[in-house]
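Written out below as C-alpha coordinates is the structure these notes cover.
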Amino acid sequence: MPELPEVETVVRSLRRHVLGDVVESVWIGERRQPLKSSPSEIVSVLEAARIAAVRRMGKHIIMDLMIGPSGDRVIETGSRQRNSGQRFRSPDHPVTRSPDLSITRPADAFFIVHLGMTGRLLVARPDEPIAKHTHLIARLRSGRELRFIDPRMFGRLAVVREAFNTAGTEPLEIGFADFAALFRRRKTPIKSALLNQRLLRGVGNIYADESLFRAGIRPRRRAASLSRTELQRLYGSVRRVLKEAIAAGGSSVSDYVDASGERGLFQFQHRVYGREGEPCLVCGAPIKRVVIAGRSSHYCPKCQK
DNA sequence: ATACCGACCTGTCAGC
DNA sequence: TGCTGACAGGTCGGTA
(Lines give C-alpha, C1' and ligand atoms only; values in the text may rest on other atoms or scores of the structure.)
Protein backbone atom coordinates (compact mmCIF):
# COMPACT_ATOMS: atom_id res chain seq x y z
CA MET A 1 0.00 0.00 0.00
CA PRO A 2 2.21 2.71 1.24
CA GLU A 3 4.76 4.53 -0.82
CA LEU A 4 6.81 7.54 0.19
CA PRO A 5 3.91 10.01 0.57
CA GLU A 6 1.83 7.60 2.64
CA VAL A 7 4.76 6.70 4.89
CA GLU A 8 5.64 10.38 5.28
CA THR A 9 2.03 11.11 6.27
CA VAL A 10 2.07 8.30 8.85
CA VAL A 11 5.37 9.59 10.25
CA ARG A 12 3.99 13.10 10.61
CA SER A 13 0.89 11.93 12.44
CA LEU A 14 2.97 9.63 14.66
CA ARG A 15 5.12 12.62 15.60
CA ARG A 16 2.06 14.47 16.76
CA HIS A 17 0.84 11.57 18.90
CA VAL A 18 3.75 9.54 20.27
CA LEU A 19 6.88 11.71 20.15
CA GLY A 20 8.41 11.82 23.62
CA ASP A 21 6.13 9.10 24.94
CA VAL A 22 7.47 6.03 26.73
CA VAL A 23 6.60 2.41 26.03
CA GLU A 24 5.28 0.75 29.17
CA SER A 25 4.58 -2.72 27.84
CA VAL A 26 4.39 -4.63 24.59
CA TRP A 27 2.02 -7.31 23.35
CA ILE A 28 2.99 -9.44 20.35
CA GLY A 29 0.60 -11.69 18.43
CA GLU A 30 1.07 -15.29 17.38
CA ARG A 31 2.13 -14.69 13.79
CA ARG A 32 5.87 -14.54 13.23
CA GLN A 33 6.00 -13.44 9.58
CA PRO A 34 5.92 -9.72 10.36
CA LEU A 35 8.81 -9.94 12.84
CA LYS A 36 12.38 -9.52 11.70
CA SER A 37 13.64 -9.51 15.30
CA SER A 38 12.74 -12.12 17.89
CA PRO A 39 9.74 -11.32 20.09
CA SER A 40 11.95 -11.25 23.19
CA GLU A 41 14.37 -8.84 21.53
CA ILE A 42 11.50 -6.55 20.50
CA VAL A 43 10.05 -6.59 24.01
CA SER A 44 13.37 -6.03 25.74
CA VAL A 45 14.30 -3.08 23.53
CA LEU A 46 10.88 -1.42 23.40
CA GLU A 47 9.84 -1.73 27.02
CA ALA A 48 10.77 1.39 28.98
CA ALA A 49 12.17 3.05 25.85
CA ARG A 50 11.35 6.64 25.11
CA ILE A 51 10.45 7.60 21.53
CA ALA A 52 12.91 10.39 20.87
CA ALA A 53 12.29 10.83 17.14
CA VAL A 54 10.08 9.51 14.37
CA ARG A 55 11.62 9.55 10.90
CA ARG A 56 11.12 8.19 7.41
CA MET A 57 13.77 6.56 5.23
CA GLY A 58 12.35 5.55 1.87
CA LYS A 59 9.32 3.45 2.80
CA HIS A 60 10.68 2.64 6.28
CA ILE A 61 9.43 4.25 9.48
CA ILE A 62 12.17 4.69 12.07
CA MET A 63 11.66 5.50 15.74
CA ASP A 64 14.77 6.57 17.62
CA LEU A 65 14.68 5.07 21.10
CA MET A 66 16.28 6.17 24.37
CA ILE A 67 16.76 3.31 26.77
CA GLY A 68 17.73 3.17 30.42
CA PRO A 69 17.82 5.82 33.12
CA SER A 70 17.61 8.73 30.73
CA GLY A 71 15.23 6.96 28.43
CA ASP A 72 12.41 6.00 30.70
CA ARG A 73 12.14 9.32 32.44
CA VAL A 74 10.61 12.54 31.27
CA ILE A 75 13.04 15.30 30.57
CA GLU A 76 12.25 18.28 32.74
CA THR A 77 11.39 21.21 30.54
CA GLY A 78 13.23 24.45 30.89
CA SER A 79 16.07 23.20 33.02
CA ARG A 80 18.47 21.48 30.71
CA GLN A 81 21.81 21.31 32.38
CA ARG A 82 24.77 20.38 30.28
CA ASN A 83 26.09 16.86 30.77
CA SER A 84 23.97 16.31 33.81
CA GLY A 85 22.53 12.91 34.43
CA GLN A 86 20.17 14.32 37.04
CA ARG A 87 17.93 16.46 34.93
CA PHE A 88 14.91 14.22 34.89
CA ARG A 89 11.64 14.44 36.74
CA SER A 90 9.66 11.57 38.10
CA PRO A 91 7.66 9.54 35.58
CA ASP A 92 4.46 11.02 36.96
CA HIS A 93 5.34 14.52 35.90
CA PRO A 94 3.20 15.67 32.97
CA VAL A 95 4.94 15.01 29.71
CA THR A 96 5.96 17.98 27.65
CA ARG A 97 6.95 16.86 24.22
CA SER A 98 9.38 18.74 22.12
CA PRO A 99 11.55 17.39 19.31
CA ASP A 100 14.43 19.61 20.40
CA LEU A 101 14.43 18.45 23.99
CA SER A 102 14.35 14.84 23.03
CA ILE A 103 17.71 14.53 21.34
CA THR A 104 20.43 15.08 23.89
CA ARG A 105 22.62 12.16 22.84
CA PRO A 106 22.66 9.51 20.13
CA ALA A 107 19.76 7.07 20.21
CA ASP A 108 20.32 3.72 21.94
CA ALA A 109 18.24 1.70 19.51
CA PHE A 110 15.76 1.98 16.66
CA PHE A 111 12.33 0.54 16.03
CA ILE A 112 12.01 -0.07 12.29
CA VAL A 113 8.62 -0.55 10.64
CA HIS A 114 7.90 -1.35 7.00
CA LEU A 115 4.20 -1.32 6.13
CA GLY A 116 4.45 -3.67 3.15
CA MET A 117 1.23 -3.58 1.14
CA THR A 118 -1.43 -3.46 3.82
CA GLY A 119 0.36 -2.51 7.03
CA ARG A 120 -1.04 0.18 9.32
CA LEU A 121 0.52 1.85 12.33
CA LEU A 122 -2.30 3.31 14.38
CA VAL A 123 -2.44 5.32 17.58
CA ALA A 124 -5.51 4.17 19.49
CA ARG A 125 -7.16 4.46 22.87
CA PRO A 126 -7.05 1.24 24.91
CA ASP A 127 -10.83 0.87 24.81
CA GLU A 128 -10.96 0.86 21.02
CA PRO A 129 -11.65 -2.61 19.62
CA ILE A 130 -8.59 -4.54 18.48
CA ALA A 131 -8.71 -5.03 14.74
CA LYS A 132 -8.25 -8.44 13.16
CA HIS A 133 -4.63 -8.98 12.05
CA THR A 134 -3.18 -6.88 14.86
CA HIS A 135 0.38 -8.15 15.36
CA LEU A 136 1.82 -5.77 17.96
CA ILE A 137 0.50 -3.35 20.57
CA ALA A 138 2.79 -0.99 22.48
CA ARG A 139 1.10 0.54 25.49
CA LEU A 140 2.41 4.05 26.14
CA ARG A 141 2.77 6.03 29.33
CA SER A 142 0.29 8.62 28.00
CA GLY A 143 -2.37 5.92 28.03
CA ARG A 144 -2.41 5.64 24.25
CA GLU A 145 -1.51 2.51 22.32
CA LEU A 146 0.56 2.14 19.18
CA ARG A 147 -0.85 -0.75 17.14
CA PHE A 148 0.56 -2.54 14.10
CA ILE A 149 -2.05 -4.17 11.89
CA ASP A 150 -1.32 -6.00 8.66
CA PRO A 151 -3.68 -8.50 6.97
CA ARG A 152 -1.31 -9.65 4.25
CA MET A 153 1.74 -9.70 6.51
CA PHE A 154 4.08 -8.26 3.94
CA GLY A 155 4.99 -5.60 6.49
CA ARG A 156 7.98 -6.01 8.81
CA LEU A 157 8.92 -4.98 12.34
CA ALA A 158 12.43 -4.95 13.74
CA VAL A 159 14.53 -3.46 16.49
CA VAL A 160 18.19 -2.69 15.87
CA ARG A 161 20.87 -1.27 18.13
CA GLU A 162 23.09 0.22 15.45
CA ALA A 163 22.23 3.17 13.23
CA PHE A 164 19.95 1.97 10.48
CA ASN A 165 20.45 2.77 6.82
CA THR A 166 19.15 1.59 3.47
CA ALA A 167 20.49 1.77 -0.04
CA GLY A 168 19.12 4.30 -2.47
CA THR A 169 18.71 8.06 -2.41
CA GLU A 170 15.74 10.07 -1.23
CA PRO A 171 13.96 11.38 -4.36
CA LEU A 172 13.19 14.68 -2.66
CA GLU A 173 16.84 15.21 -1.73
CA ILE A 174 18.68 14.07 -4.85
CA GLY A 175 20.04 16.62 -7.34
CA PHE A 176 19.44 16.35 -11.08
CA ALA A 177 22.96 15.20 -11.99
CA ASP A 178 22.83 12.29 -9.55
CA PHE A 179 19.28 11.48 -10.65
CA ALA A 180 20.31 11.29 -14.31
CA ALA A 181 23.33 9.14 -13.42
CA LEU A 182 21.07 6.51 -11.82
CA PHE A 183 19.60 5.61 -15.21
CA ARG A 184 22.67 5.86 -17.40
CA ARG A 185 23.50 2.56 -19.14
CA ARG A 186 20.52 0.78 -17.63
CA LYS A 187 18.65 -1.38 -20.11
CA THR A 188 15.75 -2.09 -17.78
CA PRO A 189 12.40 -0.37 -18.42
CA ILE A 190 12.28 3.06 -16.80
CA LYS A 191 9.27 1.90 -14.77
CA SER A 192 11.34 -0.92 -13.21
CA ALA A 193 14.19 1.48 -12.51
CA LEU A 194 11.85 3.88 -10.70
CA LEU A 195 10.60 1.00 -8.55
CA ASN A 196 14.14 -0.14 -7.70
CA GLN A 197 14.66 0.94 -4.10
CA ARG A 198 18.42 0.64 -4.43
CA LEU A 199 18.34 3.57 -6.86
CA LEU A 200 15.61 5.85 -5.51
CA ARG A 201 13.98 4.89 -2.23
CA GLY A 202 10.29 5.52 -1.73
CA VAL A 203 8.79 5.51 -5.23
CA GLY A 204 6.24 2.71 -5.68
CA ASN A 205 3.77 1.63 -8.32
CA ILE A 206 1.30 4.51 -8.12
CA TYR A 207 3.84 7.32 -8.12
CA ALA A 208 6.00 5.71 -10.81
CA ASP A 209 3.00 5.62 -13.16
CA GLU A 210 1.87 9.14 -12.26
CA SER A 211 5.38 10.56 -12.66
CA LEU A 212 5.89 8.91 -16.06
CA PHE A 213 2.55 10.24 -17.30
CA ARG A 214 3.39 13.77 -16.28
CA ALA A 215 6.80 13.47 -17.91
CA GLY A 216 5.28 12.10 -21.15
CA ILE A 217 7.39 8.92 -21.05
CA ARG A 218 6.12 5.38 -21.65
CA PRO A 219 6.84 2.96 -18.80
CA ARG A 220 8.49 0.38 -21.12
CA ARG A 221 11.13 2.77 -22.43
CA ARG A 222 14.66 1.57 -21.67
CA ALA A 223 16.06 3.78 -18.90
CA ALA A 224 19.26 4.46 -20.83
CA SER A 225 17.28 5.65 -23.86
CA LEU A 226 15.89 8.74 -22.11
CA SER A 227 17.20 12.02 -23.47
CA ARG A 228 18.50 14.71 -21.17
CA THR A 229 15.29 16.66 -21.72
CA GLU A 230 13.20 13.63 -20.79
CA LEU A 231 15.31 13.01 -17.69
CA GLN A 232 14.77 16.63 -16.68
CA ARG A 233 11.02 16.28 -17.14
CA LEU A 234 11.03 13.02 -15.15
CA TYR A 235 13.13 14.51 -12.37
CA GLY A 236 10.68 17.39 -12.05
CA SER A 237 7.57 15.21 -12.26
CA VAL A 238 8.74 12.67 -9.67
CA ARG A 239 9.41 15.42 -7.17
CA ARG A 240 6.23 17.34 -7.98
CA VAL A 241 4.02 14.26 -7.74
CA LEU A 242 5.54 13.19 -4.41
CA LYS A 243 5.21 16.68 -2.93
CA GLU A 244 1.62 17.06 -4.09
CA ALA A 245 0.77 13.62 -2.71
CA ILE A 246 2.32 14.43 0.66
CA ALA A 247 0.33 17.66 0.77
CA ALA A 248 -2.83 15.61 0.08
CA GLY A 249 -2.02 13.12 2.85
CA GLY A 250 -1.18 10.29 0.43
CA SER A 251 -3.40 8.05 -1.72
CA SER A 252 -6.11 5.90 -0.14
CA VAL A 253 -6.90 3.42 -2.89
CA SER A 254 -8.53 0.86 -0.63
CA ASP A 255 -7.49 0.83 2.99
CA TYR A 256 -4.57 3.14 3.60
CA VAL A 257 -4.96 5.44 6.64
CA ASP A 258 -2.48 7.47 8.66
CA ALA A 259 -1.74 6.95 12.36
CA SER A 260 -4.96 8.75 13.31
CA GLY A 261 -7.07 6.69 10.93
CA GLU A 262 -7.42 9.55 8.41
CA ARG A 263 -7.61 8.69 4.72
CA GLY A 264 -5.51 10.49 2.12
CA LEU A 265 -6.91 12.45 -0.80
CA PHE A 266 -4.35 12.09 -3.58
CA GLN A 267 -6.30 9.25 -5.24
CA PHE A 268 -8.59 11.95 -6.62
CA GLN A 269 -5.63 13.47 -8.43
CA HIS A 270 -4.44 10.25 -10.08
CA ARG A 271 -4.30 10.79 -13.85
CA VAL A 272 -3.49 7.23 -14.98
CA TYR A 273 -3.17 4.84 -12.01
CA GLY A 274 -6.33 2.74 -11.72
CA ARG A 275 -7.91 4.44 -14.77
CA GLU A 276 -7.61 1.68 -17.39
CA GLY A 277 -10.05 2.31 -20.25
CA GLU A 278 -11.03 5.75 -18.96
CA PRO A 279 -10.26 8.79 -21.11
CA CYS A 280 -6.94 10.55 -20.71
CA LEU A 281 -7.56 13.82 -18.91
CA VAL A 282 -5.34 15.61 -21.43
CA CYS A 283 -6.18 14.06 -24.84
CA GLY A 284 -9.17 11.78 -24.26
CA ALA A 285 -7.51 8.58 -25.48
CA PRO A 286 -8.31 5.51 -23.35
CA ILE A 287 -5.70 4.81 -20.68
CA LYS A 288 -3.88 1.51 -21.26
CA ARG A 289 -2.78 -1.03 -18.69
CA VAL A 290 0.17 -3.39 -19.24
CA VAL A 291 2.23 -5.54 -16.92
CA ILE A 292 5.88 -4.60 -16.44
CA ALA A 293 8.06 -6.52 -14.01
CA GLY A 294 4.91 -8.12 -12.66
CA ARG A 295 3.28 -4.81 -11.78
CA SER A 296 0.27 -3.11 -13.34
CA SER A 297 1.41 -0.11 -15.34
CA HIS A 298 -0.95 2.56 -16.61
CA TYR A 299 -0.21 5.09 -19.32
CA CYS A 300 -1.72 7.19 -22.10
CA PRO A 301 -0.69 5.81 -25.51
CA LYS A 302 -0.98 9.27 -27.11
CA CYS A 303 0.59 11.54 -24.48
CA GLN A 304 3.46 9.23 -23.50
CA LYS A 305 6.23 8.46 -26.01
C1' DA B 1 26.48 -7.93 -11.96
C1' DT B 2 21.78 -7.57 -13.56
C1' DA B 3 17.05 -8.59 -14.43
C1' DC B 4 12.86 -11.15 -14.64
C1' DC B 5 9.39 -14.29 -11.96
C1' DG B 6 7.31 -16.74 -8.52
C1' DA B 7 6.59 -16.75 -3.69
C1' DC B 8 5.11 -14.73 0.37
C1' DC B 9 -0.22 -13.66 2.53
C1' DT B 10 -5.26 -12.25 3.00
C1' DG B 11 -9.16 -9.85 1.27
C1' DT B 12 -12.23 -8.19 -2.26
C1' DC B 13 -14.65 -8.10 -6.37
C1' DA B 14 -16.33 -9.56 -11.00
C1' DG B 15 -18.17 -13.21 -13.47
C1' DC B 16 -20.48 -17.39 -13.83
C1' DT C 1 -25.45 -18.28 -2.73
C1' DG C 2 -21.13 -19.80 -3.61
C1' DC C 3 -17.21 -20.95 -6.28
C1' DT C 4 -13.03 -19.45 -9.07
C1' DG C 5 -9.76 -16.46 -10.69
C1' DA C 6 -7.69 -12.04 -11.03
C1' DC C 7 -5.86 -8.48 -8.65
C1' DA C 8 -3.98 -5.39 -4.79
C1' DG C 9 0.17 0.34 -2.45
C1' DG C 10 6.11 -4.38 -1.65
C1' DT C 11 10.22 -7.06 -1.45
C1' DC C 12 12.89 -11.42 -1.56
C1' DG C 13 15.53 -15.24 -3.35
C1' DG C 14 16.34 -18.29 -7.00
C1' DT C 15 17.41 -18.58 -11.71
C1' DA C 16 18.87 -17.19 -16.32
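Protein chains get the first letters and strands the later ones, always in sequence-line order, with residue 1 at the start of each.
Looking at A:Arg275, its side chain does come within 3.5 Å of a backbone N or O of A:Pro279 through a donor-acceptor pair. For the pair A:Gln197 (side chain) and A:Leu195 (backbone), a donor-acceptor distance under 3.5 Å is present. Remark: the backbone N or O of A:Phe213 is not paired with any side-chain donor or acceptor of A:Arg271 at under 3.5 angstrom. Between the side chain of A:Arg156 and the backbone N or O of A:Met153, at least one donor-acceptor pair lies under 3.5 Å. A:Glu230 places a side-chain N or O within donor-acceptor distance of the main-chain N or O of A:Ser227, the cut-off being under 3.5 Å.
Across all strands shown, C:dG13 forms a Watson-Crick or G-U wobble pair, both distances under 3.5 Å, with B:dC5.
Using a 4.0 Å heavy-atom distance criterion, A:Gly204 is classed as a sugar-phosphate-only contact. Among the protein residues, A:Arg289 comes within range of the sugar-phosphate backbone only, with heavy atoms under 4.0 Å from sugar or phosphate atoms but none that close to a base. When heavy atoms are screened at a 4.0 angstrom cut-off, A:Tyr273 is found touching the sugar-phosphate backbone but no base atom. Across all strands, A:Ser252 comes closer than 4.0 Å to base atoms (heavy-atom distances).
Nucleotides B:dC9 and C:dC3, compared at atom P, are 24 Å apart to the nearest Å. Between the P atoms of C:dT11 and B:dA1, the separation comes to 22 Å (whole Å). A distance of about 13 Å separates the P atoms of C:dA6 and B:dG6, rounded to the whole Å.
When each of A:Lys36 and A:His298 is assigned the nucleotide of DNA chain C with its nearest heavy atom, A:His298 is the one assigned upstream, toward the 5' end.
Considering only side-chain N and O atoms, A:His114 lies under 4.0 angstrom from the phosphate OP1 or OP2 of C:dT11. Checking the phosphate oxygens (OP1, OP2) of B:dG11, a side-chain nitrogen or oxygen of A:His133 falls inside 4.0 Å. Taking 4.0 angstrom as the limit, A:Arg295 places none of its side-chain polar atoms (N or O) nearer than this to OP1 or OP2 of B:dC4. Taking side-chain N and O atoms only, A:Lys132 has a distance below 4.0 Å to OP1 or OP2 of B:dG11.
Note on ring orientation: taking the six-membered ring where Trp is involved, the planes of A:His133 and A:His135 are tilted (angle from 30° to 60°). Between A:Phe176 and A:Tyr235, the ring planes lie perpendicular to each other; the angle is over 60°, past the 30° to 60° tilted range.
Listed in residue order, the members of residues 152-159 of chain A having a heavy atom less than 4.0 Å from DNA chain C are A:Arg152, A:Phe154. Taking a 4.0 Å limit (strictly below) on heavy-atom distances, residues 183-197 of chain A reaches DNA chain C at A:Gln197.
Checked against C:dG10, C:dA8, B:dG11, the side chain of A:Ser296 finds its nearest nucleotide in C:dA8.
You'll find the ring centres of A:Phe164 and A:Phe110 outside the 6.0 Å limit.
Checked by atom type, the side-chain pair A:Thr134/A:Arg147 shows no donor-acceptor distance below 3.5 Å.
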